[in-house]
K.L.:
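So that we are looking at the same thing, I have put the structure below in structure tokens.
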Amino acid sequence: MDKLIELGQDMAKLWSNYYLMYLNGVKNTLILALVATAIGCIIGLVCGILNTIPYSKSDSPLKRFVLKLIRILVRIYVEVFRGTPMVLQAVFIFYGLPYFTDNAMRFNSVWAAAILIVSINTGAYMAESVRGGIISIDPGQTEGAKAIGMTHVQTMLNVILPQALRNIMPQIGNNFIINVKDTSVMFIISFTEFFAFHRYITGVNNMYFPSAAIEMIGYLTMTLVASFLLRWLERKMDGSDNYELVQTDQLTMTAGTYNHPHRGTPFDEHSKEYRDQVSQELRYGRTRGER
């Protein structure tokens with residue numbers, strides 16, 4: 001118990017002295033994760049769509065060759081960036097380009113380098129997520145869209161992608177949360193995010209574990225808030241649980257298929273409409289048109 005109290009005192013001391021640096025690190029981490037996830041989703045969306053363009057033997061040889069080549073390139077990109085650690089990708093991109101081009105190509109902004117690295121890595125994961133989301137849609141919907149004369153582009157934009165994006169929304173949120181944590185490896189290119197400030201602060205005062213505890217609480221808070229917001233967004237995308245039909249369609253009303261969420265159908269003996277109708281008939285009798 002004494003150790004926990006001592007840990008709390010050390011954390012309070014670090015926070016009071018360096019809270020501006022911690023908050024600046026949180027800000028840089030969130031900005032990098034948000035921007036890179038958005039760009040990565042666009043990259044993954046393009047790759048996923050290109051990877052699912054259909055072709056058949058009746059198509060021209062040029063079209064089949066181009067589509068096969070695109071799929072091969074997308075597959076190479078996905079396997080390379082999914083199969084290597086982001087820290088090594090950062091080293092190869094940030095330090096490898098100047099090395100192979102004799103400093104002809106180099107990053108003048110560490111922000112641009114960090115966004116590019118995280119975006120490319122995220123795009124590789126999102127490419128497979130988008131492909132899975134597209135092929136998860138019932139093929140009958142694509143056939144139905146073609147039957148009414150829709151082109152492949154129209155089918156993708158109006159029928160397939162809206163449903164696929166909803167299906168892959170949890171994966172988008174998962175990638176954002178991963179990016180919040182994995183941006184910690186960007187210290188390798190001197191990007192000052194949350195973990196980089198932790199390394200600097202511990203280098204000044206040697207209080208490594210109390211600072212690490214602050215880091216853990218900070219990362220956990222960011223990921224929990226992100227999870228809550230993403231679940232809220234998913235519920236918004238799902239829409240309402242039930243819909244009240246308008247009462248202007250006489251066919252719907254007379255068929256007894258209309259079901260008010262609070263009153264039931266007009267022909268339900270438990271509904272207010274039915275009870276009012278029976279009461280009126282008992283008092284005044286039925287009209288000639290109702291007999």
Side-chain angles (χ1 to χ4, degrees), residues 3-4 6-41 43-44 80-98 106-126 171-230:
K3 284 297 182 180
L4 290 177
E6 182 181 356
L7 174 62
Q9 293 173 347
D10 290 340
M11 291 172 61
K13 180 179 178 181
L14 283 175
W15 181 258
S16 63
N17 293 333
Y18 301 102
Y19 72 95
L20 290 178
M21 298 183 68
Y22 283 121
L23 292 178
N24 193 32
V26 169
K27 181 192 71 174
N28 292 346
T29 295
L30 289 176
I31 292 175
L32 176 58
L34 279 171
V35 175
T37 302
I39 298 175
C41 287
I43 295 173
V80 168
F81 282 91
R82 284 199 314 174
T84 55
M86 189 187 294
V87 63
L88 293 181
Q89 296 169 16
V91 170
F92 272 78
I93 293 176
F94 189 78
Y95 299 108
L97 286 178
R106 59 182 304 168
F107 290 95
N108 295 322
S109 171
V110 70
W111 267 99
I115 290 174
L116 177 65
I117 293 164
V118 181
S119 299
I120 293 176
N121 182 272
T122 304
Y125 287 92
M126 285 306 305
Q171 187 59 33
I172 294 175
N174 188 46
N175 281 326
F176 172 72
I177 292 174
I178 289 174
N179 285 339
V180 169
K181 298 179 295 181
D182 284 357
T183 51
S184 59
V185 303
M186 290 297 106
F187 74 88
I188 200 71
I189 61 173
S190 302
F191 181 79
T192 52
E193 40 71 53
F194 195 29
F195 190 76
F197 281 109
H198 157 70
R199 288 167 55 87
Y200 171 78
I201 292 170
T202 55
V204 172
N205 52 45
N206 293 324
M207 299 175 66
Y208 197 94
F209 184 71
S211 181
I214 294 175
E215 289 281 308
M216 180 174 291
I217 294 173
Y219 278 115
L220 184 60
T221 302
M222 287 188 284
T223 55
L224 288 177
V225 172
S227 298
F228 173 79
L229 293 176
L230 289 165

K.L.:
Nearest 0.5 angstrom please: Ile188 CD1 to Leu88 CG, how far?
P.N.:
9.0 Å

K.L.:
State, yes or no, whether a side-chain contact exists between Gln89 and Asn121 at a heavy-atom distance under 4.5 Å.
P.N.:
yes

K.L.:
Within this structure, what is the CD1-CG distance for the pair Ile217 and Leu224, rounded to the nearest 0.5 Å?
P.N.:
11.5 Å

K.L.:
Start with the C-alpha gap between Asp10 and Phe209, add the side-chain angles, then the distance that decides, and say whether side-chain contact (heavy atoms from CB on, under 4.5 Å) holds.
P.N.:
CA-CA 9 Å; Asp10 290 340; Phe209 184 71; over 6 Å; no

K.L.:
Rounded to the nearest 0.5 Å, what's the gap from CD on Glu193 to CG on Leu32? Could you check?
P.N.:
8.0 Å

K.L.:
Please determine which of Tyr18, Tyr22, Trp15 meets the side chain to side chain donor-acceptor pair (under 3.5 Å) test together with Ser211.
P.N.:
Tyr22

K.L.:
So which heavy atom on Ala213 is nearest to which on Met11, and how close?
P.N.:
CB-SD, 3.7 Å

K.L.:
For Phe195 versus Glu215, what's the shortest heavy-atom pair and its separation?
P.N.:
CA-OE1, 3.4 Å

K.L.:
What distance separates Ile117 CD1 from Met186 CE, expressed to the nearest 0.5 Å?
P.N.:
5.0 Å

K.L.:
Return the OG to CD1 distance between Ser109 and Ile115, rounded to the nearest 0.5 Å.
P.N.:
7.5 Å

K.L.:
Specify the closest pair of heavy atoms between Leu7 and Pro210, including all atoms of both residues, with the distance to one decimal.
P.N.:
CD1-CA, 3.8 Å

K.L.:
Using side-chain hydrogen bond (donor to acceptor under 3.5 Å, both in side chains) as the criterion, list what pairs up with Asn24, not counting sequence neighbours.
P.N.:
Lys27

K.L.:
Donor-acceptor pairs are to be reported for all side-chain atoms of residues 176-184 against protein atoms at under 3.5 Å, with residues two or more places apart or in another chain.
P.N.:
{"from": "Asn179", "atom 1": "OD1", "to": "Thr122", "atom 2": "OG1", "distance (Å)": "3.3"}
{"from": "Asn179", "atom 1": "ND2", "to": "Thr37", "atom 2": "OG1", "distance (Å)": "2.9"}
{"from": "Asn179", "atom 1": "ND2", "to": "Thr122", "atom 2": "OG1", "distance (Å)": "2.9"}
{"from": "Asn179", "atom 1": "ND2", "to": "Asn175", "atom 2": "O", "distance (Å)": "3.3"}
{"from": "Thr183", "atom 1": "OG1", "to": "Asn179", "atom 2": "O", "distance (Å)": "3.2"}
{"from": "Thr183", "atom 1": "OG1", "to": "Val180", "atom 2": "O", "distance (Å)": "3.0"}
{"from": "Ser184", "atom 1": "OG", "to": "Lys181", "atom 2": "O", "distance (Å)": "2.8"}

K.L.:
A side-chain contact here means heavy atoms from C-beta on lying under 4.5 Å apart; do Asn205 and Asn17 qualify?
P.N.:
no

K.L.:
When you compare the side chain of Ile43 with that of Met126, does any pair of heavy atoms fall below 4.5 Å?
P.N.:
no

K.L.:
Are the side chains of Asn174 and Tyr125 in touch, meaning some heavy atoms are under 4.5 Å apart?
P.N.:
no

K.L.:
Sequence neighbours left out, what passes salt bridge (Lys or Arg N to Asp or Glu O under 4.0 Å) with Arg82? Give chain and number order.
P.N.:
Glu79

K.L.:
Could you go through the side-chain contact (heavy atoms from CB on, under 4.5 Å) check for Asn28 and Phe191 one step at a time?
P.N.:
CA-CA 9 Å; Asn28 292 346; Phe191 181 79; 4.3 Å; yes

K.L.:
Measure across Phe197 and Thr192 and return the closest heavy-atom pair with its distance rounded to 0.1 Å.
P.N.:
CE1-O, 3.6 Å

K.L.:
For Ser119 and Ala36, which heavy atoms make the closest approach, and how far apart are they?
P.N.:
OG-CA, 3.3 Å

K.L.:
Check whether more than 12 heavy atoms from other residues, nucleotides or ligands sit under 6.0 Å from atom OH of Tyr200, and answer yes or no.
P.N.:
no

K.L.:
Going through the distances and angles, do Met86 and Phe81 end up as a side-chain contact (heavy atoms from CB on, under 4.5 Å)?
P.N.:
CA-CA 8 Å; Met86 189 187 294; Phe81 282 91; over 6 Å; no

K.L.:
Do you know the tightest heavy-atom contact between Ile214 and Phe194?
P.N.:
O-CZ, 4.2 Å

